Engineer: 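Please find one structure pasted underneath; my questions will follow.
Side chains included, hydrogens not; waters and symmetry mates left out as well; all remaining heavy atoms used. Just so we're on the same page: letters track the sequence lines, and every chain starts at 1. Just so you know, these numbers come straight off a predicted model, no measurement behind them.
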Number of protein chains: 2
Amino acid sequence: MSPDLLDATFAALADPTRRAILARLATGEASVTELAAPFAMSQPAVSKHLKVLERAGLVSRGRDAQRRPCRLEARPLKAALDWLEDYRDYWAESYQRLDGLLAELQSEGGEGRTR
Amino acid sequence: MSPDLLDATFAALADPTRRAILARLATGEASVTELAAPFAMSQPAVSKHLKVLERAGLVSRGRDAQRRPCRLEARPLKAALDWLEDYRDYWAESYQRLDGLLAELQSEGGEGRTR
DNA sequence: CAGTTCTATAACCAGATGGTTTATATCGTC
DNA sequence: GACGATATAAACCATCTGGTTATAGAACTG
């Protein structure tokens with residue numbers, strides 16, 4: 001997976017408002033105003049959060065008259081989870097068995113990116 | 001788990017440099033300069049990244065003479081993974097069976113936080 | 001067509017982030 | 001005690017983030 005998408009996904013998840021939005025969307029589609037209702041913040045603020053979620057591919061949007069219903073897209077969540085799975089051995093069992101882990105990690109490890 | 005810790009954990013993971021550092025630490029303890037070597041950035045920049053990881057509880061540090069060896073702490077990774085697990089049903093199987101999910105999500109969903 | 005509702009955009013602001021360079025502290029060695 | 005190596009801290013800067021208010025667009029309703 002492209003690192004940039006992982007970046008965007010983890011960044012999107014690093015905000016409690018956005019996690020709450022995802023939680024709400026797990027119960028079904030919702031419009032922007034429906035999503036904004038529980039929060040003590042303006043509607044444009046929620047629209048911005050939705051854009052962040054959209055950029056990460058976590059939310060897609062439809063069209064229903066003047067409403068733009070939001071739907072949860074879980075594929076990036078799976079990618080994030082897959083990344084985390086590589087570290088499962090660290091809190092499980094014997095703190096050993098990191099054999100298969102290394103090969104997987106090296107692919108991103110030696111990048112030398114500047115940012 | 002406290003939302004702030006989840007915030008810090010996901011935010012820490014949203015940077016490829018920091019993920020690479022964690023990958024390196026999965027192979028064992030390392031000093032700051034060892035960690036900085038693969039990257040095209042100054043050593044203080046890496047120290048800053050380490051501070052972010054430390055704040056998220058993902059890295060702990062020891063003392064070995066003038067070296068401050070870093071060690072991976074995976075517990076926050078488990079917390080992040082646990083959060084993601086709640087959405088597993090979304091990419092698996094039938095896109096149904098979200099029953100048990102709701103109760104779990106409601107705890108964070110209705111916060112109404114401002115930031 | 002006028003008004004209302006839903007959403008997006010623009011302009012602005014404070015604070016965080018990610019990097020830099022320079023300086024300072026800590027520790028072992030000679 | 002001076003030097004070299006390791007790491008932190010400080011000051012600075014550009015950009016991003018998360019919020020605001022105000023405005024504009026898009027689509028239904030009377």
Engineer: Can you tell me if the side-chain N/O atoms of Arg67(B) get under 4.0 Å from OP1 or OP2 in dG28(C)?
Structural biologist: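 For dG28(C), OP1/OP2 do not have a side-chain N/O of Arg67(B) under 4.0 Å.
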Engineer: Of the nucleotides dT6(D), dG19(C), dC6(C), which has the atom closest to the Thr33(B) side chain?
Structural biologist: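 Taking heavy atoms from C-beta onward, the closest nucleotide is dT6(D).
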Engineer: OP1 or OP2 of dT8(D) less than 4.0 angstrom from a side-chain nitrogen or oxygen of Arg68(B), does that happen here?
Structural biologist: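 Answer yes for this pair, as a side-chain N or O of Arg68(B) is under 4.0 Å from OP1 or OP2.
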Engineer: How many Å lie between CZ on Phe10(B) and P on dG18(D), as a whole number?
Structural biologist: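 Distance, rounded to whole Å: 15 Å.
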Engineer: Find the distance His49(B):NE2 to dA7(D):P and express it as a whole number of Å.
Structural biologist: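 In whole Å, dA7(D) P lies 16 Å from His49(B) NE2.
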Engineer: Sequence neighbours excluded, which residues qualify as side-chain contact (heavy atoms from CB on, under 4.5 Å) partners of Thr33(A)?
Structural biologist: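 If we apply the side-chain contact (heavy atoms from CB on, under 4.5 Å) test to Thr33(A), skipping adjacent residues, the hits are Ser31(A).
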Engineer: Do the charged groups of Arg88(B) and Glu85(B) touch, with an N to O distance under 4.0 Å?
Structural biologist: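 Answer for the salt bridge query: yes.
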Engineer: Quick check for you: to the nearest 0.5 Å, what is the distance between His49(B) atom NE2 and Asp15(B) atom CG?
Structural biologist: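 If we round to the nearest 0.5 Å, His49(B):NE2 and Asp15(B):CG are 4.5 Å apart.
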Engineer: Who are the side chain to side chain donor-acceptor pair (under 3.5 Å) partners of Gln43(B), not counting sequence neighbours?
Structural biologist: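 For Gln43(B) the side chain to side chain donor-acceptor pair (under 3.5 Å) partners, ignoring immediate neighbours, are Ser47(B).
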Engineer: Take atom CZ of Phe39(A) and atom C1' of dT20(D), then tell me their distance rounded to the nearest Å.
Structural biologist: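 These atoms are roughly 17 Å apart.
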Engineer: Return no unless some side-chain N or O of Ser42(B) is found under 4.0 Å from OP1 or OP2 of dT20(C).
Structural biologist: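 True: Ser42(B) side-chain N/O within range (under 4.0 Å) of dT20(C) OP1/OP2.
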Engineer: Within the 4.5 Å heavy-atom criterion, are Ile21(A) and Thr17(A) side-chain neighbours or not?
Structural biologist: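 Yes, their side chains come closer than 4.5 Å.
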Engineer: Whole Å only: how far is the CG atom of Leu53(B) from the P atom of dG18(C)?
Structural biologist: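 Checked: the CG to P distance equals 10 Å.
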Engineer: Nearest whole angstrom, please: distance from the C1' of dA8(C) to the CZ of Arg61(A).
Structural biologist: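 Going from CZ in Arg61(A) over to C1' in dA8(C) covers 9 Å.
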Engineer: Quick one: salt bridge (charged side-chain N to carboxylate O under 4.0 Å, His left out) pairs with a partner in residues 29-46 of chain B, sequence neighbours left out?
Structural biologist: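 Every salt bridge (charged side-chain N to carboxylate O under 4.0 Å, His left out) pair that includes a residue of residues 29-46 of chain B, provided the two are not neighbours, is Glu29(B)-Arg71(B).
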Engineer: Arg67(A): which residues meet the salt bridge (Lys or Arg N to Asp or Glu O under 4.0 Å) condition with it, sequence neighbours left out?
Structural biologist: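 Expected list: Asp64(A).
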Engineer: Detail all sub-3.5 Å separations between protein N/O atoms and N/O atoms belonging to nucleotides 25-30 of chain D.
Structural biologist:
none

Engineer: What is the distance from CG of Asp7(A) to C1' of dT17(D), rounded to the nearest Å?
Structural biologist: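 Between C1' of dT17(D) and CG of Asp7(A): 15 Å.
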Engineer: Report, one pair per line, the protein and nucleotides 9-12 of chain C atoms (nitrogen or oxygen only) whose separation is under 3.5 Å.
Structural biologist:
| from | atom 1 | to | atom 2 | distance (Å) |
| --- | --- | --- | --- | --- |
| dT9(C) | OP2 | Lys51(A) | NZ | 2.9 |

Engineer: CE of Met41(A) versus C1' of dT17(D): gap in Å, rounded?
Structural biologist: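 Rounding to the nearest Å, CE of Met41(A) and C1' of dT17(D) are 13 Å apart.
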